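Working notes, structure below.
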Amino acid sequence: MKKRQSILWIFLLLLATSVRAAEKRDLLMKGFAADVLAQHLAKAQEWVAFPTYQDRAFWDQQPADLRAASIQKGEAALNFSWDIIKATDYLAINRTGNREQMQKPDNARKEALKNLLLAELMEGKGRFIDQIINGVWAICEQSNWVLSAHLALQKQYTDLPDIDNMVIDLGSGETGALLAWTHYFLKDRLDEASPLIAKRIATEIRRNILDPYYKRNDLWWMGLGGESSNNRRGLVNNWNPWINFNVLQCILLMESDQEKRTTYTYKTMHSVDQFINSYNDDGACDEGRSYWSHAGGKFFEYLELLHQATGGDVNIYSHPLVKNIGTYIYQVYIDDPYFVNFADASAKGGVNAGLVYRYGVAINDATMQGFGAFYEQKKAKDKASLSGSIYAILQDLQWTPRILQAPTIEPLVGDYWFPQTQVAGGREKPSSKEGFYFAAKGGHNDEFHNHNDVGSFILYYNGLPLLVDAGVGTYTKQTFSKDRYKIWTMQSAFHNLPVINGYEQPAGLSYEAANTQFTAKGDLHFTTDIAKAYPTDAAINTWRRSYTLQRKKHRFIMSDEFSLSNFKKENQLHLLAAHKPEIVKPGVIKLSLGETSVEMHYPADLFGEPQIVPVTIEDPRLLNSWPHGLYQLIFTATKKDLQGKYTLEVVKSNEK
């Protein structure tokens, strides 16, 4: 007992040196002392609620189509070739910027092993064991499990894995968790082939995950006083809960020393507190909606795992922030498959239905539960399959029967406002897909996964895109380098924003919105001053941009009221359209939506003929959302006014 107390005391002193720039909520550390955790943390693998491999009744009673689909995937992996990941695959990201050359075979290995494991669990006849052994052995033979794009964590040598400087990233965490569950379910079967196989898994999880986590505090994603993240000192992002979640699985499944289990589980709590401290009170994910599953979603899975491992003792689900982080995901839903997609997010997407439902149960939110059920029951109409991490799949197997019987809710939220993140939106008809839907943002240009987009908006009609945010393309080395803003999707000129006096928005925390407000009393009205989002050379005194959705008049209005200190170049208004606009006559533009259309009315006396510029899209990720390309619609002012007002209106066709 004294030894355990001394380890915890030393650890707490070490953590006390951490200096944070964020609000110190510290929900986990303040709510649950180390000695309380020591009393409630399960020993060994007592906490695992999933049926074992030997529990054939559970696996045999799974739906026949699901079992068949899982076994079929495993059979496809029986001939998988466990080729090495070559040194040149790692070197490719520095040579060409290509991260997929390493990640593709690495992901293929993990996917094959996961499919083999699930097939063996479903069938239970030992048919997949030898190929599982091949996969385990091949992965254990890797120098480390870190993705090539993340080798910068090594600092000194960043082109190849450094076995003398073990670090932990998203890829290594996922690999460690997969191997830990393989060890848990199949250790006895692996030992029948050779006791060295399970032993090797344990050795490599300790070398790749446990030892570096126990010994290091300097990895930026931990938030424990080491180096800061790339863009905001003292704050962490989705890496924190995502990696801590996978590390905690490794600790709980593989660490046999109870004192270490307690000490380093507590370390994960302190680290995840830094994620909690970094989040805005409103719960919005400023990394982009696509990152919610990796940020808020992994945060929940971490809390869920901690809750299980402590017999329900560690529980912060009632805290308003935890609830806000969860409910964000259904507030930014537009109409399947579209979501609000500011920052690094795609316009089209979905959700992990089981995770959303379980999160909703945990925070007692009926709408979130209904949203999870809505997607789960849509998915059930398609071919049966299991996807996601092995942990998520195991949860789905237990929860899906309940979710399939749950009432569904498609959350067509009337309006929402995230005041700290400065994102707002709403629809013309609450609880209906009919009419206009818009979303807008203020904020600043140093958000996680930032685009230079302060003041931008998106506009949909009847659930279909009109004026859009392109989203983000396939990640390369450039995406997270000093050349990020040479990528067109990151630039303000390719968002629905003005180019003022010839200037676009730069990146940086100081380029921000001011006086951002949103009201939803009948009509929806969003306003923000974006003058400070542009460089001082743009000579802007004020640029007050506002968006109004007039619900009863079926009209969306965009307005710019400005004051400049001098003239340098004609102002432009840039819009990004999902379909080719058609100039009907001066002052009127037709925006098509397939069989329907709306009209945009603009002041022809203030602008010349608008330019319509095709935006050719070849990137696979962007093509998924915009298979027919996009179009820039550019209005160039004909007057050199230092003060003025521009107004554009979008209305149902034949209405004005």
Side-chain angles (χ1 to χ4, degrees), residues 11 14-15 17-18 85-87 89-94 99 101-103 105-107 109-110 139-180 201-251 254-255 260 263-265 267-268 270-272 274-275 294-295 298 302 389 448 475 477 479-481:
F11 179 63
L14 178 64
L15 296 183
T17 63
S18 175
I85 300 175
K86 301 184 294 296
D89 295 333
Y90 283 95
L91 294 170
I93 190 165
N94 287 330
R99 55 194 284 166
Q101 189 169 328
M102 180 269 163
Q103 286 183 200
D106 184 75
N107 288 334
R109 284 176 158 214
K110 287 183 278 195
I139 292 172
C140 286
E141 286 285 286
Q142 290 178 220
S143 296
N144 72 23
W145 302 326
V146 177
L147 302 179
S148 62
H150 303 154
L151 288 174
L153 288 167
Q154 296 175 170
K155 294 193 179 177
Q156 185 176 7
Y157 302 109
T158 62
D159 50 357
L160 290 168
D162 184 354
I163 61 174
D164 295 320
N165 182 14
M166 299 299 287
V167 296
I168 310 171
D169 80 324
L170 301 173
S172 60
E174 291 281 346
T175 302
L178 175 59
L179 287 176
I201 293 175
T203 297
E204 293 303 327
I205 288 177
R206 186 162 298 280
R207 186 176 72 91
N208 281 274
I209 305 295
L210 299 182
D211 282 349
Y213 193 84
Y214 293 174
K215 296 174 182 178
R216 303 190 71 147
N217 290 318
D218 62 328
L219 300 175
W220 70 263
W221 56 264
M222 291 179 167
L224 299 179
E227 66 173 78
S228 64
S229 61
N230 291 332
N231 63 343
R232 289 196 290 180
R233 183 165 298 278
L235 301 183
V236 295
N237 65 0
N238 69 84
W239 279 46
N240 177 282
W242 194 348
I243 298 175
N244 275 299
F245 167 61
N246 284 316
V247 168
L248 184 57
Q249 290 176 77
C250 292
I251 293 171
M254 302 301 296
E255 180 57 75
K260 290 182 178 179
T263 298
Y264 297 108
T265 294
K267 181 175 181 177
T268 70
H270 182 73
S271 180
V272 172
Q274 310 322 307
F275 176 77
H294 305 315
K298 291 300 179 187
Y302 170 84
S389 71
F448 288 123
Y475 283 163
K477 181 181 180 181
T479 313
F480 300 104
S481 74

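Residue indices begin at 1 and follow the sequence shown. These numbers come from a predicted model, not from an experiment.
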Just checking, any donor-acceptor pair under 3.5 angstrom between side chains of [X] and [Y]?
{"X": "Tyr475", "Y": "Gln103", "answer": "no"}
{"X": "Glu174", "Y": "Trp242", "answer": "yes"}
{"X": "Lys155", "Y": "Asn165", "answer": "no"}

Can you measure from [atom1] ([X]) to [atom2] ([Y]) and round to the nearest 0.5 angstrom?
{"X": "Thr479", "Y": "Arg99", "atom1": "OG1", "atom2": "CZ", "answer": "7.0 Å"}
{"X": "Thr265", "Y": "Lys260", "atom1": "OG1", "atom2": "NZ", "answer": "13.0 Å"}
{"X": "Ile209", "Y": "Thr175", "atom1": "CD1", "atom2": "OG1", "answer": "7.5 Å"}
{"X": "Lys477", "Y": "Ser148", "atom1": "NZ", "atom2": "OG", "answer": "10.5 Å"}
{"X": "Ile93", "Y": "Asp159", "atom1": "CD1", "atom2": "CG", "answer": "11.5 Å"}

Q: Report the C-alpha separation of Ile251 and Tyr214 in whole Å, then their side-chain angles, then the decisive distance to 0.1 Å, and conclude whether the side chain to side chain contact (heavy atoms under 4.5 Å, CB included) test is met.
A: CA-CA 10 Å; Ile251 293 171; Tyr214 293 174; 4.2 Å; yes

**Q.** Audit row: Ile85, Arg109, side chain to side chain contact (heavy atoms under 4.5 Å, CB included) steps and yes/no
**A.** CA-CA 10 Å; Ile85 300 175; Arg109 284 176 158 214; 4.3 Å; yes

Of all heavy-atom pairs between [X] and [Y], which one has the smallest distance, and what is that distance?
{"X": "Asp169", "Y": "Ile243", "answer": "C-CD1, 3.6 Å"}
{"X": "Gln101", "Y": "Ala92", "answer": "OE1-CB, 3.3 Å"}
{"X": "Ser143", "Y": "Arg207", "answer": "O-NH2, 2.9 Å"}
{"X": "Met166", "Y": "Asn144", "answer": "CE-CB, 3.6 Å"}
{"X": "Ile168", "Y": "Leu153", "answer": "O-CD1, 3.5 Å"}
{"X": "Thr268", "Y": "Tyr302", "answer": "OG1-OH, 2.8 Å"}

For the residue pair [X] and [Y], establish whether any side-chain heavy-atom pair is separated by less than 4.5 Å.
{"X": "Val146", "Y": "Tyr90", "result": "no"}
{"X": "Glu255", "Y": "Arg206", "result": "yes"}
{"X": "Asn244", "Y": "Phe275", "result": "no"}

Taking [X] for the side chain and [Y] for the main chain, is one N or O donor matched with an acceptor at less than 3.5 Å?
{"X": "Trp145", "Y": "Ile139", "result": "yes"}
{"X": "Asn240", "Y": "Ser271", "result": "yes"}
{"X": "Lys267", "Y": "Asn217", "result": "no"}
{"X": "Gln154", "Y": "Leu160", "result": "yes"}

Q: Under the side chain to side chain contact (heavy atoms under 4.5 Å, CB included) rule, what do Ile205 and Cys250 come out as? Steps first, then yes or no, please.
A: CA-CA 7 Å; Ile205 288 177; Cys250 292; 4.0 Å; yes

Q.
Let's go through Leu151 and Tyr157 carefully: what are the C-alpha distance in whole Å and the side-chain angles of both, what is the deciding distance for side chain to side chain contact (heavy atoms under 4.5 Å, CB included) to 0.1 Å, and is it a yes or a no?
A. CA-CA 8 Å; Leu151 288 174; Tyr157 302 109; over 6 Å; no

Q.
What I want to find out is whether Asp106 reaches Lys110 closely enough, with some N-O distance under 4.0 Å, to be called a salt bridge.
A.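 Salt bridge: yes.
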
Q: Check the pair Trp221 / His150 against ring-ring contact (aromatic ring centres under 6.0 Å, His included), numbers first and verdict last.
A: CA-CA 12 Å; Trp221 56 264; His150 303 154; over 10 Å; no

